[in-house]
Amino acid sequence: MLPEKIHQNLESSRAMHPGWQDQDHLIRQLVNNARDHGDQVALRERDRGIWQEYTWQDYLERVMALAAGLETLGIGPGDRVLVVGDNRPALYFGMLAAVTLRAVPSPAYPDTNPQEIQSQMEAESIRCALVEDQEQVDKLLGIRAAGYGHLDHILFDDPRGLKDKEPRGALALEDLLARGRARLEREPNLARDLQSRPSVHDTAVLLHSSGTTGAPKGIPLKHGHILSGVRNASQAGYFREGEVHMAYLPMAWVGDFIFTIGAALVLRFCVNIPERQETALHDLREIAPTLYFGSPRAWSNMLTRIQVGISESTGLKRRLYHHFMPFAVELERRRLEGRAPTAVERVWRAVGEVLIFGPLKDQLGLARVERPYTAGEAMGEDVFLFFRALGLNLRQFYGQTENCALCVAQPPDSISLHTAGRPFPGVELKISDDGEILVRSDNIFDGYFNNPEATAETLQDGWMHTGDAGYLEEDGQLVVLGRVSEVVYTRGGERFIPTYVENRLKFSHYIKDACILGKDRDYLAALIVIDIDAVGHWAEENGVAYTSFADLSQKPQVYELVRKEVAHVNGVLPEALAIQRFVNLHKEFDPDDGEVTRTRKLRRKVIDAHYAPIIESLYDGRGAIEFEARISYETGESGTLKRHLAVADVTGARLAEEV
Amino acid sequence: MFYRLSGIHHTRYESARALWPVTADRRIVQGLLLLAVAAPFLLSDLYLTSYMLPWLIWTAAALSLTLLMGVAGQLHFGFAAVMAIGAYTSIHLTRAGVPFELALLGAGLMAALIGCLFGAAALRVKGLYLVMATLAMQYLVEWTIINVPAISGGAQATLSTPDVTFLFIPLQSDGALYYTALLWTVVVTLLIMNIKRSSFGRALVAVRDKDFAASVIGVNPLKYKLLAFFASSFLGGVTGAVLAFCYYQAVTPEQFGFNVSIQLVAMVLVGGLGSVIGAYLGAGFVLLLPIVLTNLLAFVAQFDLIPISFNLLSHIPLMVYGALIIGVILFEPLGLAKIYDNIRKYFLVWPFRHTQS
Amino acid sequence: MDFQFLIELTINGALTGLMYSLVALGIVLIYKSSGVPNLAQGAMVMIAAYLVWIFAGLLGTPILVALFMALVGMFLFGMLTERFLLRKMVGQPIIMVVMLTLGLESLLRGIGPGLLGAAPKSLDLGLDMMPIIIGDVFINREYLVGGLIGAAMVGLSLLFFRTRLGTKLRAVSDNHISSWSVGISVERAVAISWGLAGISAVAAGAMWGSVQGVDWTLTALLFPAVAVVILGGLDSIYGVLIAGLIVGILGSVIPGYVDPLVGGGTRDVVTSLIILLTIMFRPHGIFGREDIERV
Amino acid sequence: MKTLLKGLAGVAGAMALAVGGTASADKEPIKFALLQDFTAVYTFVSSEYNQGQQDYLRLINETGGVEGHPIETIIRDTANEPQRGLEAYNRARREGAVLVDFFSTPVSRAAVNRVLRDEVVMITALHGRGDASHGETFPFVFPMMATYWSQATLLADYIDRHQGGLANKRIALVHIDSPFGREPLPVLQELAQQKGFQLRSFGYPSPGTEQSATWSDVRRYRPDHVIIWGAGGGQQVSVREAIRNGIRPQNILSVVWLSETDARNVGGNHMNGVKRFEAVASGREPAVIQDILTHVVEPGLGAGPAANVGSSYYNIGVATMAVAVEAARLAIREFGAPLTGDTLRRGFEMIEGFDARGLMPPVTLTATDHQGGGYGRVSQWNGQTWEPLTDWSNAFQEIVWHEIEKDAQGFRDGR
């Protein structure tokens, strides 16, 4: 990027954020930590069973060395650096090294397919990529071979399979580090110089919207946004200094950057990185963090894991669990309703803490968690209550990438089941006339990357339009209903938000995904994706033999099981919005097929297209359908397979339940 | 339920291989050690001298044997003879005026040297044949002791242990004897635990699992078999001396007969081959079970509830003992240690049945 | 004179050795079919002797009837032992099997004397106690009978292995899995071999019980029997015969000359040395098959 | 913890087997501990021996106890294992036993130091250490019957007096190859020198069930007399082998351990004429045995099969308890109740010329002599019973005491 352009950006940012101190940036935080708390552990990574530790001094030294090295590759202010891979210390170091050079890390999800990466690279004219291992290197080489010519440097962390046979432009981070160290030694003032280069007005990271609708948009977040967001949250008591944090969520997701880099630098977190994604749960237990963030799905999975574990457990343990857990859940429900437990109940709960709750939290690795959070989408009431009943002060965040995901959260004292909480200090919130939630604060971004139209749509008069529908309660707590854009109407003019219903369905352990249909139709119907783990286990318990996902999904017993779940949800919906028919799909929604996003949000258009014959059958009264299923193989080829799918009515069951 | 594993992480392999990485286990060990140290103040002299003391010493013996049988896989049905060598050596040395501490060392060395002769058979054969060979050597050692009055002590064939001091403390009071035995057992325990996780221990395990294969990976089976016999016999010899000085206070050949060898093997097997905790449990089982049964039956008999002859009554412990050994081997071939392990796991994975991660 | 002494020692030793063979035969029969070293064979001999005594001494049935009943009893006992104890040990390490049989020995040693009284019982087979005297050589009449029975039992066993059932047993002893595959019930074959071991225990129990009285000391016959088995080869029936003779003769001749010099009973020393030397120089005995171990 | 264990100990205390007793014995009981081997090596003796002990104590309790004190017994199996014996001993001592009888050489040997320290009387009739006769060295140990040395000298004396003298004879000692079997060797060797006879020892391996080679050798030695020295099953094998090898039964002399059972097991009348040392009269004639039959066995209070009453080992058991009760009686008379180990010891040392109404030779125990003179007699199997051939006597006690002194000295030096 041209220096004038950068300078221009800087000036405009200064004008927008007069309160920001120029040298108050992330690298400064790192330098301060290394100076004041140099011996403290900043980062741990589990490597071959043991935890490698990095102190703040190590941290700084590596970031500086990498920055010095990166500079020799020609990376400079305004350059975008692609980051692909699972959480690795070297990648974090590399990102901050880029930030030091006023370049912008642009993380991508490691399982993103090459086309998407290529379009991201093209949009951001990426010249340098920071990747985890050979797999990602190969992916990038493929993109380069496919015609993307600007990729000059591929820096990789894990040298396995690459050592001594690096492809053109590929360089081990270890070698870059050595190069940078040598340079730092030669130039004694370089480190100090590097540290003073960034500005609070620089973009610290370039994140991306999920792309639920249309192509992903780049969301640049500046040092200042991140710092003010973190400070607001910490001021409200949502983070404390020195938290032990587990960095296991994707690096491309806003939360990881905010927690693992933003908050970690500001509040000196001890960040822990699991050995692999598959070992994350085990490693979580070894670390026992004090701060834990999980998506509602992750919490729900955890609950499923517990329930499956308990159902397999021995008699006494199972009985104790089934006594204490409902007791505690009921206690928690009443507590949220404002009724305090009696002394006897408190004593009994303490007994349960020793016998069940404590051991459970220990098994999950949540024994030390004081700040368990969730965000992203609505959380099932039973899941929420369960973990709160366990004694975890589980709370929900509400926010978007655009506002560093730090916007609204449930306060520790007054939590109710249906509200998202109160805005952070420093965050203004209002509801627009058409019911949209608007926010304004210093941690809201300054505009999309190279997308003035979208920016103008989202940022109006300093207010950010979240696109969510909601309202404020009398006590100032926010209730989020769903996407404004998602509000649809049935043919009869009933207004509903499919996601809202889907989430209710997904609160069932047996349902992994659901897609609610009904827009411009006579009634609501559902495509159901069963949860293979939970239903599979249920099938084993109940002696239902099955061979595959597709087979299991079509078992009459499974249909009966799902029917009950659907009927249960119908019970809390207005009668006109009852789900009348559903189909159990023969496969899961697959991000590779574009049916869901990487964060598993539905892409309704794709689904409508893929499953059109099934959807028709849901509305033409047929009891079954032969479906030509499209299959994508891992090679990228696709084929078709004939599937026989049953279509079920819920109404009868519902009537039966009412009788 | 008692176990809390979260937050336990290791930054070095050494700490990951620590003896008791889990806090609850460490607490249990500390608690037991504390109880063991406090035993003279908690237990009556009967339980101290007739239960705790012999139990500890036999545990040390079982540990010495389990190093050979469990870790190195070399069967030994003549370990009582090895202990006898230690006992007689130590007595003759102290009688000749050698300080007790050195006599213990001498006992260990002498037992280790002769124990290596037992090991010579192991260089040639294994399994059942080794059982028979060591058994035969047990007879030879026993015969030699009995038939050489200079060893066994003349016509009475009894040698009383002379008064000695250990680390400047006279071995007179029950307490002094007990603490000496405790110290030795703790030393042996720590030693075996550390051997098991050392390269030496792993070499022994390699030899145990398949000696040919071990030689392929560069572990010389001959050398390690002999080393195993040496180490185990050394410990066994010292234990024999401790047994003589701290418990019997006199040695006769009968104290180290063939049946004692069998009992030692039973301790190791019933406890669980190669397991340290198993040695404690096995020694307790084999040593104390007949005593407890005898006392229990005598207690029951006084009520005259069961009209059985005194002769049968006195044989019941023998039958029960045999039946229980059969039972343990049939139903839990990994021994009492496995049962303990199952109980521990039951609480370790609480409230689940299996580990979750 | 000296020569006659040697002859007498040799003959009596040989006969004793054949009587050891009676005990050893049971061990070999079992080992041959299942690879189990039955260290409870001594106790089985004791139980067999008690059984004969119960019928002959306690109930007063004629000795032949008593022997027959004991044969039936011990055959069943052997089969049941295999069925309920040893069959569960398949695949376990040898040491476990050894300990199991030792546990069984303990159990039996408690049951016999516990139920019938600890004092030794006399078992009269109606044999004259006076020796057969040939020249100046005295031959023990009981040992002669016992030795002949021992030789006969070994011979019978050899013949048995030529019958149809015996051929099956041989097949089983050669290879369990291939026997299985040609439809031979390995379990049954092994059970039968235990039953046969029970039968040989009756012969041994009756003879030794008559010689030394019936009490727990009969279990001590295990030691010389082990020497016989080791020397002859654990799976060789010929070996039992030959090794029995060798162990008996050496255990008689050597102590005969050495005992006066050292003033002690050296027979167990000889027995121990036989075991040791065999194992050191020819571990699989004179006739035993050598196993080939695979990694 | 400690209270809990004390509670346990209390239960254990209640485990003491009461012999029972309905008569006027109402003062606090005296506890005797009979901790013997009922399941392993000594079973051939201990069941009968212990039965005799129990029956005699029952008789005492039935007839008013010891000066009004009933006697309680603590009976446990030790399986001849020192560690089990020591446990039983420690327990019995806590329960207040003043006297202990292990009837097992290894256990008694292992317990010597403890009884001396704890001041508990240990009787070692016909087992244990011979040198324990030395009262000054072993104040609390009472062999109280002829030691093996005294038995050997008495048998030699018998040959000397009644079987044609010892001079120039060939004597074979055929013994089990164990310390016990070799015990008579030194005194016999000493005697061989004094009396001018030839002595050769022949050891056979334990347990002695197979001795044929040994006896071939014995026959070759052409002994005039054979002294057999074993115990249990080996004894009858010795007798049979001796007879087979042409040694006349009359010329076979045995240590005390040869009983009616052995004779039955040898079978027929083969054993007629075999002689043995006898420390206590056998048979049912002695008055004490008659009393037991009347007061204990006939009312059905006997501790075992009535057939055993009057057998050799039974009577030995009776005799040991008769001496012990007598000692207790003397002690209580002299020092009053309660009886302690020390007063009981002094009671023992006051016994003078006590013969249990003709059951045994008159025994006199003193502070120096705990053997009681080493009296005994030789009896002979006549096909039905053991028929005494001599009066109670002792022989060559100076040789015996030389051995006693020598070994006691060794024991003192070892300490």
Side-chain angles (χ1 to χ4, degrees), chain C residues 1-2 4-5 8-9 12-13 15-16 19-20 109-110 113-114 117-124 127-131 133 136-143 208 210-218 220-221 224 251-257 259-260 262-271, chain D residues 37-48 173 175-178 181-182 185 200-217 219-221 232-237 239-241 243-246 259-268 270 304-305 308 311 313:
Chain C
M1 177 70 198
D2 236 351
Q4 277 168 341
F5 178 56
E8 183 176 321
L9 287 177
N12 280 332
L15 295 175
T16 322
M19 282 179 64
Y20 291 149
R109 207 144 50 78
K121 316 277 183 266
S122 89
L123 192 62
D124 188 4
L127 298 172
D128 192 348
M129 218 180 79
M130 283 305 119
I133 304 172
D136 198 29
V137 174
F138 287 40
I139 297 169
N140 187 323
R141 204 181 288 261
E142 281 172 322
Y143 286 6
W208 281 103
S210 124
V211 170
Q212 65 174 66
V214 180
D215 71 348
W216 69 271
T217 50
L218 285 172
L221 288 167
S252 170
V253 172
I254 295 177
Y257 288 98
D259 276 5
V262 300
T266 51
R267 204 193 58 230
D268 277 0
V269 176
V270 172
T271 315
Chain D
D37 165 24
F38 301 110
T39 52
V41 178
Y42 294 98
T43 50
F44 67 98
V45 190
S46 51
S47 52
E48 291 176 19
L173 173 70
H175 63 87
I176 190 163
D177 190 26
S178 73
R182 273 196 295 274
L185 259 178
R200 225 180 100 184
S201 71
F202 300 84
Y204 57 82
S206 66
T209 45
E210 214 290 297
Q211 309 173 12
S212 57
T214 311
W215 285 96
S216 295
D217 201 19
R219 193 177 87 241
R220 228 164 46 107
Y221 178 60
Q235 284 291 81
Q236 50 127 335
V237 175
V239 172
R240 292 161 81 113
E241 291 288 355
I243 293 167
R244 267 192 205 118
N245 281 281
S259 71
E260 294 82 3
T261 314
D262 296 316
R264 270 200 304 280
N265 283 346
V266 170
H270 298 298
N308 286 343
S311 71
Y313 301 157

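Just so it is clear: chains get the letters A, B, ... in the order the sequence lines come, proteins before strands, and each one is counted from 1. Values below: every heavy atom of this structure, side chains too, minus hydrogens, waters and symmetry copies.
- With rounding to the nearest 0.5 angstrom, the CG atom of C:Asn12 is 8.0 Å from the CG atom of D:Asn245.
- In this structure, OG in D:Ser216 is found 6.0 Å from CZ in C:Phe5, a value given to the nearest 0.5 Å.
- Considering CD of C:Glu8 and OG of D:Ser212, their distance stands at 9.0 Å, rounded to 0.5 Å.
- Heavy atoms closer than 4.5 Å to chain C are found in both the backbone and the side chain of D:Val266.
- Residues C:Asn140 and D:Glu241 form a side-chain contact, since some pair of their non-hydrogen atoms from C-beta on lies under 4.5 Å apart.
- Atom CD of D:Gln235 is separated from atom CD of C:Gln212 by 14.0 Å, given to the nearest 0.5 angstrom.
- The line from CG of C:Leu9 to CG of D:Asp217 is 7.5 Å long, rounded to the nearest 0.5 Å.
- Ranking C:Pro255, C:Gly213, C:Pro120, C:Pro113 against chain D, the residue ahead of the rest is C:Pro120, based on heavy-atom pairs under 4.5 Å.
- Here the shortest heavy-atom pairing between D:Pro207 and C:Ala220 reads CG-CB, 4.1 Å.
- C:Trp216 approaches D:Thr43 most closely through the heavy-atom pair NE1-OG1, 3.6 Å.
- Looking at C:Tyr143, only its side chain comes within 4.5 Å of chain D, counting heavy atoms on both sides.
- Neither the backbone nor the side chain of D:Phe202 comes within contact range of chain C, judged by heavy atoms closer than 4.5 Å.
- In this structure, D:Glu210 pairs ionically with C:Arg267, as a charged nitrogen and a carboxylate oxygen lie closer than 4.0 Å.
- Taken from CG in C:Asp124 to CZ in D:Arg264, the straight-line distance is 13.5 Å, to the nearest 0.5 Å.
- Contact count versus chain D (heavy atoms, under 4.5 Å) is highest, among C:Asp259, C:Thr217, C:Thr16, for C:Thr16.
- The candidate with the highest count of non-hydrogen atom pairs below 4.5 Å against chain C, out of D:Pro205, D:Ser178, D:Ser46, is D:Pro205.
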